[in-house]
Amino acid sequence: MYGQAALLMGWLASNALSLLALWPAQLPALLFEQPRHRTRLAALVQAAVFLPLMFASLYAILSVLDGDHLTIPVALLFVYLLLVLQAGYMRAINRRQ
């Protein structure tokens, strides 16, 4: 029973953090949008998104290799959401310049 409560609270906390992270992003944006000029803010955003993106991609690959068919779409969804978050920030940075 504690596992279900932990998952529910983790889901709520994850959604709250995602909404806070999406607040300054400008969506819709091209998925692999790059900044027009290399700035410190753009490098910071790319560095901050890289680590979770790497872990989510690794988790997706390991889920495919393990054969866990229910986890594969969830892992790929997290990869997609991180790419969308980065694209929204890059669009916001491009509009600011």
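These figures come from a predicted structure and were not determined experimentally.
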Transitive ILVMFWY cluster of Leu76, excluding itself - 4.5 Å side-chain cut-off: Val64, Ile72

Side-chain hydrophobic cluster, 4.5 Å single linkage: members besides Met54: Phe50, Leu51, Phe55

Would a hydrophobic clustering, with Ile, Leu, Val, Met, Phe, Trp and Tyr connected at side-chain separations under 4.5 Å, put [X] with [Y]?
X: Leu83; Y: Leu22; answer: yes
X: Leu82; Y: Leu31; answer: yes
X: Tyr80; Y: Leu85; answer: yes
X: Phe32; Y: Val45; answer: yes

Can you name the closest pair of heavy atoms from Leu53 and Val79 and give their distance? CD1-O, 3.8 Å

Heavy atoms of other groups near Leu70 CG, more than 12 under 6.0 Å: no

Can you list, pair by pair, the side-chain donor-acceptor contacts under 3.5 Å of residues 87-95, counting residues two or more places apart and other chains?
| residue | atom | partner | partner atom | Å |
| --- | --- | --- | --- | --- |
| Tyr89 | OH | Ala21 | O | 2.5 |
| Arg91 | NH1 | Pro28 | O | 2.8 |
| Asn94 | OD1 | Arg36 | N | 2.8 |
| Asn94 | ND2 | Glu33 | OE2 | 3.1 |
| Asn94 | ND2 | Gln34 | O | 3.1 |
| Asn94 | ND2 | Met90 | O | 3.4 |
| Arg95 | NH1 | Gln26 | OE1 | 3.1 |

For the residue pair Trp23 and Leu19, establish whether any side-chain heavy-atom pair is separated by less than 4.5 Å. no

